[in-house]
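Sequence lines set the chain letters: A, B, ... in the order given, protein chains first and strands last, and positions in each chain run from 1.
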4 protein chains.
Amino acid sequence: MSEKREEWLKDLLRLVDEGDQKKTEKQAKILEAAVEIFSEKGYSATSTSEIAQKAGVAEGTIFRHYKTKKDLLLAIAGPIAVKLVAPFLLNDFVKVIDSPYDRPKDFFRAIAKDRIAFARSNIKLIKILFNEVPFQPELLEQVKNLMTNIVVKRIENALQHFQQQGFIVEAPPWRIMRSASSMLIGMIVFHVFLRPDFPFDEDEEIERTLDLLFYGIAGRSEENAEE
Amino acid sequence: MSEKREEWLKDLLRLVDEGDQKKTEKQAKILEAAVEIFSEKGYSATSTSEIAQKAGVAEGTIFRHYKTKKDLLLAIAGPIAVKLVAPFLLNDFVKVIDSPYDRPKDFFRAIAKDRIAFARSNIKLIKILFNEVPFQPELLEQVKNLMTNIVVKRIENALQHFQQQGFIVEAPPWRIMRSASSMLIGMIVFHVFLRPDFPFDEDEEIERTLDLLFYGIAGRSEENAEE
Amino acid sequence: MSEKREEWLKDLLRLVDEGDQKKTEKQAKILEAAVEIFSEKGYSATSTSEIAQKAGVAEGTIFRHYKTKKDLLLAIAGPIAVKLVAPFLLNDFVKVIDSPYDRPKDFFRAIAKDRIAFARSNIKLIKILFNEVPFQPELLEQVKNLMTNIVVKRIENALQHFQQQGFIVEAPPWRIMRSASSMLIGMIVFHVFLRPDFPFDEDEEIERTLDLLFYGIAGRSEENAEE
Amino acid sequence: MSEKREEWLKDLLRLVDEGDQKKTEKQAKILEAAVEIFSEKGYSATSTSEIAQKAGVAEGTIFRHYKTKKDLLLAIAGPIAVKLVAPFLLNDFVKVIDSPYDRPKDFFRAIAKDRIAFARSNIKLIKILFNEVPFQPELLEQVKNLMTNIVVKRIENALQHFQQQGFIVEAPPWRIMRSASSMLIGMIVFHVFLRPDFPFDEDEEIERTLDLLFYGIAGRSEENAEE
DNA sequence: TATGAATGAGCGTTCATTCAT
DNA sequence: AATGAATGAACGCTCATTCAT
C-alpha cells in the first residue's frame, strides 16, 4: 500500500528540512525572538521593530532574511504545521495495520504519548499556528491539505482495520475519529496549554483517558439500564 | 442550595443586559460592522476606519460610544463569554440534581442541543472570543472566572450527583468533565465551525456521540479481551 | 467649425476648476510647500515629512487630502499642464481664422506675450511639470493628449489659413510649427528660466524675435547669393 | 587666436579620457545598467540595489568603484556634458573663421548633422544629463561653465565673423544665437527624443530647416506688405 | 449626538553605505 | 577586486484617538 507523495508535500518537506538546517546566527535569533513575541501578543499586534530589538539585530536585517513580516510568520508557522502531523507522514505509518499495534489502544496510546511530548516542546509554535490559521489563507490551505490528505486518510484506514477485527465498535469512522481526536486533543489542550501546572502523572492520565475513550463514562446503573 | 452571587458576576450580567437593550441605531451598526470584520481579520488587523466605513458612520462616532478600540472589542467579546456559559448561570440549573434530568445522558443531551443551537447563531462572536482570549488579559480573566467559579463547579456537582447514583463511572470528576466536554466541544467545533456544510442529522449525531461517550468505542473483541 | 469636446477634456477642465476652488487652508499650505520643494529638489528626492514641515502641518494631514505622494504630484502637475495650453482650449480660439489676427505676426505675438506672462507667474509649476513628465506615465499621456488633439490641431489650422492667404511660406505645416514653436519656446526658456536676470525689453524682444522668425537671419550678401 | 585652456577644462577632459579607457568589465556593466535605469526612472528614483542586480554584480561592488551613488551619476553625466559640446572644444574649431565654412549655412549644417548624429547615439545619456542638471549643483556648474566659456564665446565669434562679411543680419549675436540654437535644438528634440519614429529624410530636413532659419517663414504677401 | 479634519507616533519596508571575509 | 550580510536612518503611509464645529 505505497502512497505516492504529491508535489506539494515534497515541497513542504523540503521547506522544513531547509529551515532546520541553513540558518545564520542572526537568522536564528530573529526566529527565536519572533516566536516569543508572536506567541505572546499575536502576529498582527507584534511590530518588526520589537522583534529586531529582542533579537538584538537591526530592523533591516529581518527583511534581508524574510522579504515581509508575513514571510517571517510563514517561516515559523509553516514548518510547525508539517511537524505537527509528522508521524502520519511516515511511510511506515501504515505498518500499524500489519502488526506493530495489535490493539487500537496501543495505537492511540502511541500517538498520544508522542504528540503530547511534541506539544510540550513546541508550545509557543503551536499557539502561533492555531492563532494565525484562521487569518492566513496560505496556512489554512496548507493545514487543510495535510489534514484531509494525510492524517484523516491514514487514521481512517487504521480504524477500519481495527473495526474489521472487531476491536472497535461499528460506527462511521469519521465519528470515531472525531470523538477520539477530541478526547486526546482535549487532554493535550488542558494539560499542556491551559493548566500546565495542574499536577498529574502523564502515563497514568493517558491510560485512564483511554479507558474512558474505550469503555465510556457510564456507571454500572446506567449500563444495566440501557443495554 | 442558593448560590451567593459575587460582585464580578453581577457586574457582568448587568453589562450584558445593558448591552442588549439601550443601543442607538448607529451603535448597533458599529457593533455589527465590528463583529463582521473582527471575525474575518482579527482584532489587531482591523482598523477603526474600516469599521466606521462598513458601519456607515464617521470615525469619531465610534469613539463617542466606545472610549477605545479595545473597549469596542470588550463590548463584543465580554457579553458573548457570559452568554456562552449562560445555562450554567441559571439559578435553577442546580435543579438538575433534584429532578429534571433523571439520567446523565439527558443532562448532556440537553446541554449539547442548547449549546449547538447557541453556537450556530453566534458563530462570528464565538470566533472573536476565542481568537482574542489569549491576548486580552481582561477577557482571559473573565473567562477563567466564569469557567472556574461557575461552569466547573456546577458540572462537578452534577457529576458527583450522578456518580452517587451509580450512573457514572467512578473517576476523578475533572477527568470525566474534561473528556465529556472535549467530545461535545469537538462535535460543535467540527460541525459548526470547521465543516458547517458536512451533512448530518443533528439529533441523531448527538445521540450517537453520547453513545460513544457513555459506552466507549471498544468493539466486542476488545471488551472481552480487557474486561 | 465647432469642436466637440471629448470626455477626457471635460474631466480635465473640471479637475482644474475644482482644484482652483475648494481648498482648505491646510490643503493650500500643503500644495504651496510641495510646489516649492518639488521644484527645488525634484519629486523623488522630496520627502513627505519635509513637505509637512514646510507646510506646518502633521505628516498625516497630507495623506488625508492626497491619498499618495504621487497623487499630490498629479494634483500639482496635472492642472498646470492644462493651463499651459489653456489659450488653445478656448472655443473662440478658432476665430483667429475669421478675423482678429489679420496677420500671422499678430497671431504669434499674441501667443508669445500671453504665454511669457503665464510662464513668469508659474515658473515653479512649469519646472515641476517638465521635470516629471518623462517619469510619470499619467502625466505623459495627458500632455500628449493635450498636445496632439488640441494644440497641434488648432495651430495647424491657423497656419494653413495663413498659407492660403500667402502670408506664410509654403512648407509642411508641422515644420513651420516646429520652427516657430522652437523659437518662441527658446525665447521663454532663456529669458524666463535660464537667465531671468538678463536685462531685456520684453515687447522689443518679442518683436525682434518675430522678425527673425519671419524674415530669417540671412544678411544681404547671403540673400543675394542664394536667391 | 589660440585659446588658453583653463584648469577646470583640463580636469574635465582628463576625466572624460580616463572614463573612456580604464574600465574593468564589472565597472562597464555597472555604468551600462545605471545609464539604463537612470534614464528610465530618474536618478533619485533608482536604487543602487536595482543597478547592482541589472549589472549582475554585488551591491558592494558599486561602492568600490564609485564612492557614492552621486559619484556614479556624475561619472555618467559629467563626461556626456563635455562630449555634448565637444566640437566647440576642438582647437581648430576656430578655423571656421579663416576658411572651412565659407557660408554660415555650411557652418550650421555641419554642426546640425554632427550633433544630431551624436544625440542619436547618446539618447539615454543626454536624457540623464538634462533631467539631473537642475538638481545637481556640480553638474549645473559644469554645464554653465562649458556653455558660457566655450560654446557661447566661440559661436559668438563665428557669428560676428559672418556678420562682418554681411552673411548674417545685423542683430545682437546672442539673439541670433538663441534663435538659431532654438531651431536646431527644437529639431533634434522633436525628431530624436519626442518622435523618433516620425519618418523624415534627415539631410532634406536639415536643409529645409536651415532655409526657414535663414529666410524666415514669411510668404510673399507678408514680405511685400512689411518690407 | 455626530462629524471628519487633524494629529503625531508608529508601522513595515527600502535605502545608501560599510566592512569582514 | 569582489562579495553580500549587516546597518540604522529615512521613507511613504496608516493608525487610534482628539476636538472644534
Original post:
Do we see a donor-acceptor contact under 3.5 Å between the side chains of C/Thr48 and C/Glu59?
Top reply: yes
Original post:
Can you check the B/Lys69 NZ to F/dT14 P distance for me, whole Å?
Top reply: 15 Å
Original post:
Between C/Lys69 and C/Tyr43, is NZ or CZ placed under 6.0 angstrom from the six-membered ring centre and within 45° of the ring axis?
Top reply: yes
Subject >> C/Leu72 side chain near C/Leu31 side chain, heavy-atom distance below 4.5 Å >> reply: yes
Original post:
Want to settle it: does C/Gln27 or B/Thr61 sit nearer the 5' end of DNA chain E, counting the closest nucleotide to each?
Top reply: B/Thr61
Subject >> Value in whole Å for how far the P atom of F/dG4 lies from CD1 of D/Ile30 >> reply: 13 Å
**OP:** Could you grab the distance from atom NZ of C/Lys124 to atom CD1 of C/Ile37, nearest 0.5 Å is fine?
**Re:** 10.5 Å
**OP:** Using heavy atoms and a sub-4.0 Å distance, could you list which residues of residues 37-59 of chain C are near DNA chain E? By number, please.
**Re:** C/Val57, C/Ala58
Original post:
So does B/Gln53 have more than 12 non-hydrogen atoms from other groups sitting under 6.0 Å from CD?
Top reply: no
**OP:** Could you pick out which residue, C/Lys70 or D/Glu25, lies toward the 5' side of DNA chain F when each is mapped onto its nearest nucleotide?
**Re:** D/Glu25
Original post:
Of the non-hydrogen atoms in C/Ala75 and C/Tyr66, which two are nearest, and what is the gap between them?
Top reply: CB-CE2, 3.6 Å
Original post:
Taking everything shown except C/Glu138 itself, do over 12 heavy atoms lie less than 6.0 Å from its CD?
Top reply: yes
Original post:
Rounded to the nearest 0.5 Å, how far does CD1 of A/Ile80 lie from CG of A/Asn122?
Top reply: 4.0 Å
Subject >> Opposite nucleotide pairing with F/dC13, Watson-Crick or G-U, both atom distances under 3.5 Å >> reply: E/dG10
Subject >> Residue whose nearest DNA chain E nucleotide is more 5′ - B/Lys26 or A/Phe63 >> reply: B/Lys26
Original post:
On DNA chain E, which is the earliest and which the latest nucleotide, 5' to 3', with an atom closer than 4.0 Å to a heavy atom of chain A?
Top reply: E/dC11 to E/dT14
**OP:** Once you apply the 3.5 Å cut-off to both distances, tell me the Watson-Crick or G-U wobble partner of F/dA2, or none.
**Re:** E/dT21
**OP:** Please report, rounded to the nearest Å, how far the P atom of F/dA1 is from the CZ atom of D/Arg64.
**Re:** 6 Å
Subject >> Partner nucleotide, any strand, of F/dT7 [Watson-Crick/G-U, under 3.5 Å] >> reply: E/dA16
Original post:
How far does NZ of D/Lys41 sit from CG of D/Asn131, to the nearest 0.5 angstrom?
Top reply: 14.0 Å
